[in-house]
Amino acid sequence: MRLRIFTEPQQGASYDDLLAVAQATEKLGFDAFFRSDHYLAMGDHVSGLPGPTDAWTTLAGLARETERIRLGTLVSSVTYRPPGVLAIQVAQVDQMSGGRVELGLGTGWFEQEHLAYGIPFPAKRFGMLEEQLEVITGLWGTPVGESYSFAGEHYTLVDSPALPKPTQARVPVIVGGGGAKRTPAMAARFATEFNLPFPDFADIPAKFAGVRAACEAVGRDPKELVYSAALIAVAGADEAEFTRRAAAVGREPAELREHGIAGTTGEVVDRLGALAADGVECVYLQIMDLADLDHLDFIAREVMPQLD
């Protein structure tokens, strides 16, 4: 099982804060550093200071200041960037990183941040997501020297040179969500990975089964996809340390144990083992206290060696 570090910088983090976490992620042996793509803090318990950072600007910087770890978004919103612009940004960051970028893309959901920064927020966005996935993968897949055109309900591209190209032959594309039909269908068509964000544990096998069925419906081998989940992670060497870390992120220990990867070492290892048994191949550990680098060190030292 691969463990990835997933951050929520809109809650209050500078680029330097994110750089410290990303470099710790790399040093400690985690697989990847991912970040959310939001522009407004959530909840009354945080100020959001010093203010939001842009996801792809951040990843461009980290591309030059890390060497090994994968870098990506979980997930970018289709409302923020036209697909042609996003395809250019991701391809450039992939070049800057030497081919280490992954693109998580979703419909977006937080209307207030759109209002706060003057970003249009259409009521219906699944069509936008489907077209963006088709356009972005189409641009990257167009041979050099040929052009790409697209005419859809939301986007039109005419004779695009479809440049630049990413370094990777195929940038991994992550599609996720809990929908029963449209999301699995889009994952089957466009994704290399299907992600369940903060699922109820009991729902995971059925959700993955739905994606496998969607793959089979379009003649795709379900084994081509990576199956992943994102869950909050709060761990400690003993109950006191775990409780302290839970309080630092404003969560109750019992609630974290019920819904997250939480508790002492044995509890965390057991939870990850249960997730693996349900078909989870990759886990995004949502780390809310970005100043607590000892937390990452603890997981790397005490948890990772016990995973197959």
Side-chain angles (χ1 to χ4, degrees), residues 1-13 17-18 20-22 24-25 28-36 38 40-49 74 109-110 176-178 195-207 228-308:
M1 175 180 282
R2 288 176 290 141
L3 298 184
R4 296 180 157 189
I5 299 303
F6 170 42
T7 61
E8 301 274 7
Q10 76 278 355
Q11 300 299 88
D17 295 328
L18 296 171
V21 175
T25 297
L28 293 169
F30 292 98
D31 179 66
F33 172 92
F34 270 62
R35 59 157 293 164
S36 60
H38 286 293
L40 201 66
M42 302 170 195
D44 298 329
H45 64 287
V46 296
S47 67
L49 292 173
L74 203 68
W109 60 270
F110 192 21
N195 178 263
L196 284 174
F198 313 106
D200 290 333
F201 296 121
D203 293 340
I204 292 174
K207 296 293 186 184
S228 67
L231 292 155
I232 189 168
V234 180
D238 53 33
E239 189 66 22
E241 186 172 76
F242 165 59
T243 300
R244 175 179 62 78
R245 287 197 167 116
V249 298
R251 302 285 287 269
E252 293 294 327
E255 181 269 329
L256 285 170
R257 283 186 162 107
E258 182 179 357
H259 298 292
I261 298 172
T264 55
T265 305
E267 291 176 286
V268 170
V269 170
D270 288 347
R271 175 64 73 190
L272 291 169
L275 289 168
D278 284 338
V280 178
E281 300 168 291
C282 175
V283 176
Y284 294 80
L285 302 174
Q286 185 196 43
I287 302 296
M288 299 304 295
D289 186 355
L290 300 186
D292 187 3
L293 298 183
D294 288 341
H295 191 199
L296 301 188
D297 181 73
F298 170 76
I299 296 171
R301 282 187 295 103
E302 300 298 333
V303 174
M304 282 203 294
Q306 299 191 53
L307 302 180
D308 293 333

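Worth knowing before you read on, the calculation uses all heavy atoms, side chains too, and leaves out hydrogens, waters and symmetry mates. Every value quoted in this text rests on a predicted model; they were computed, and no experiment measured them.
- Judged by distance alone, the side chain of D292 and the main-chain N or O of H295 form a donor-acceptor pair under 3.5 Å.
- Atoms CD1 and CE, from I232 and M288 in turn, are 6.0 Å apart once rounded to the nearest 0.5 Å.
- Within the 3.5 Å criterion, the main-chain N or O of A291 finds a donor-acceptor partner in the side chain of D289.
- Between L275 and I204, the closest side-chain pair of non-hydrogen atoms falls below 4.5 Å.
- The CD1 atom of I261 sits 5.0 Å away from atom CG of L285, with the distance rounded to the nearest 0.5 Å.
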* **side chain to side chain contact (heavy atoms under 4.5 Å, CB included) between L293 and V21, intermediate numbers included** => CA-CA 7 Å; L293 298 183; V21 175; 3.9 Å; yes

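- Between S36 and F6, the closest side-chain pair of non-hydrogen atoms falls below 4.5 Å.
- Note that the CG atom of L74 and the CD atom of E8 stand 8.5 Å from one another [nearest 0.5 Å].
- Of all the heavy atoms in V234 and R245, the pair that sits closest is CG1-CB, 3.6 Å.
- Smallest separation of non-hydrogen atoms from A235 and V268: CB-CG2, 3.8 Å.
- Shortest non-hydrogen contact noted between A41 and V46 is CB-CG2, 4.0 Å.
- Within a 6.0 Å radius of CG in D238, other residues, nucleotides and ligands contribute more than 12 heavy atoms.
- Of all non-hydrogen atoms in P253 and F242, the two that sit nearest each other are CB-CE2, 3.6 Å.
- Residue D200 comes nearest to H259 through the heavy atom pair OD1-ND1, 4.3 Å, listed as atom of the first residue, atom of the second, then distance.
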* To do: Apply the test side chain to side chain contact (heavy atoms under 4.5 Å, CB included) to residues T25 and R4: give CA-CA distance (whole Å), side-chain angles for both, the deciding distance (0.1 Å), then the verdict.
  => CA-CA 8 Å; T25 297; R4 296 180 157 189; over 6 Å; no

* To do: Go through L3 and Y284 one step at a time and tell me if the side chain to side chain contact (heavy atoms under 4.5 Å, CB included) criterion holds.
  => CA-CA 6 Å; L3 298 184; Y284 294 80; over 6 Å; no

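- No donor-acceptor pair closer than 3.5 Å links the side chain of E255 to the backbone N or O of R251.
- Atoms CZ and CG, on R301 and L296 in that order, are 11.5 Å from each other to the nearest 0.5 Å.
- With rounding to the nearest 0.5 angstrom, the NE2 atom of H38 is 8.0 Å from the CZ atom of F110.
- Taking all atoms of both residues into account, the shortest heavy-atom contact from A262 to E267 is O-CB, 3.8 Å.
- Counting only residues at least two apart or on different chains, no side-chain hydrogen bond (donor to acceptor under 3.5 Å, both in side chains) pair has a member in residues 268-283.
- Put simply, the side chain of T7 never gets that close to the backbone of P9: no donor and acceptor are under 3.5 Å apart.
- The closest donor-acceptor contact from the side chain of E241 to the backbone of A237 lies under 3.5 Å.
- Within the 4.5 Å cutoff, no side-chain heavy atoms of L231 are placed close to those of Q286.
- The side-chain heavy atoms of E302 and V269, taken from C-beta on, include no pair separated by under 4.5 Å.
- With K207 contributing its side chain and L196 its backbone, the two residues share no donor-acceptor pair below 3.5 Å.
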* To do: Under the salt bridge (charged side-chain N to carboxylate O under 4.0 Å, His left out) rule, what do E239 and R257 come out as? Steps first, then yes or no, please.
  => CA-CA 12 Å; E239 189 66 22; R257 283 186 162 107; 2.7 Å; yes

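- The line from CZ of F30 to CZ of R2 is 14.0 Å long, rounded to the nearest 0.5 Å.
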